[in-house]
Amino acid sequence: MEHVNDISAVEPEDISFDAVEIAGLIVPLLFAIMAIVLVALSPESDGTASEDPKTASERIELIEQIQKR
């Protein structure tokens, strides 16, 4: 207890970020926001990607060929 007056609190070091560290934090955040916005603005995929270029007669022919096997 005789050295109580000699004890002092440790002062934290000043933290400074450089440009690379700041960019490393902000750029992924911007990409995430852009991805969310693009998904929200994308047109609905009802019928656009799943459209089959075959006509009804071609489909019937394909079904008949599969049934013959």
Side-chain angles (χ1 to χ4, degrees):
M1 293 295 286
E2 57 195 42
H3 298 290
V4 172
N5 294 334
D6 296 337
I7 298 173
S8 63
V10 177
E11 295 181 17
E13 296 180 17
D14 291 335
I15 299 174
S16 62
F17 292 107
D18 60 349
V20 175
E21 291 173 331
I22 293 172
L25 295 172
I26 292 176
V27 170
L29 181 64
L30 291 176
F31 275 115
I33 292 171
M34 287 178 10
I36 291 169
V37 169
L38 287 175
V39 168
L41 295 178
S42 68
E44 295 297 325
S45 62
D46 294 340
T48 55
S50 63
E51 250 183 60
D52 198 3
K54 295 181 176 75
T55 62
S57 62
E58 291 176 344
R59 289 182 189 162
I60 294 172
E61 289 175 11
L62 287 174
I63 292 172
E64 289 174 354
Q65 289 175 358
I66 291 172
Q67 289 176 348
K68 287 179 184 177
R69 293 180 191 173

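Scored by the side chain to side chain contact (heavy atoms under 4.5 Å, CB included) test, Gln65 finds Leu62 as partners (sequence neighbours excluded). Listed by chain and number, the residues in a side chain to side chain contact (heavy atoms under 4.5 Å, CB included) with Val37 are Ile33, Leu41 (sequence neighbours excluded). Looking at residues two or more places apart in sequence or on another chain, you find a side chain to side chain contact (heavy atoms under 4.5 Å, CB included) between Asp18 and Val20, Glu21. Residues satisfying the side chain to side chain donor-acceptor pair (under 3.5 Å) criterion with Ser42, sequence neighbours excluded, are absent altogether.
Contact record, Pro28 with Ala23: CD-O, 3.9 Å, taken as the closest heavy-atom pair.
Taking Ile, Leu, Val, Met, Phe, Trp and Tyr as hydrophobic and joining them when side-chain heavy atoms fall under 4.5 Å apart, one finds Ile22 in a cluster with Ile15, Phe17, Ile26, Leu30.
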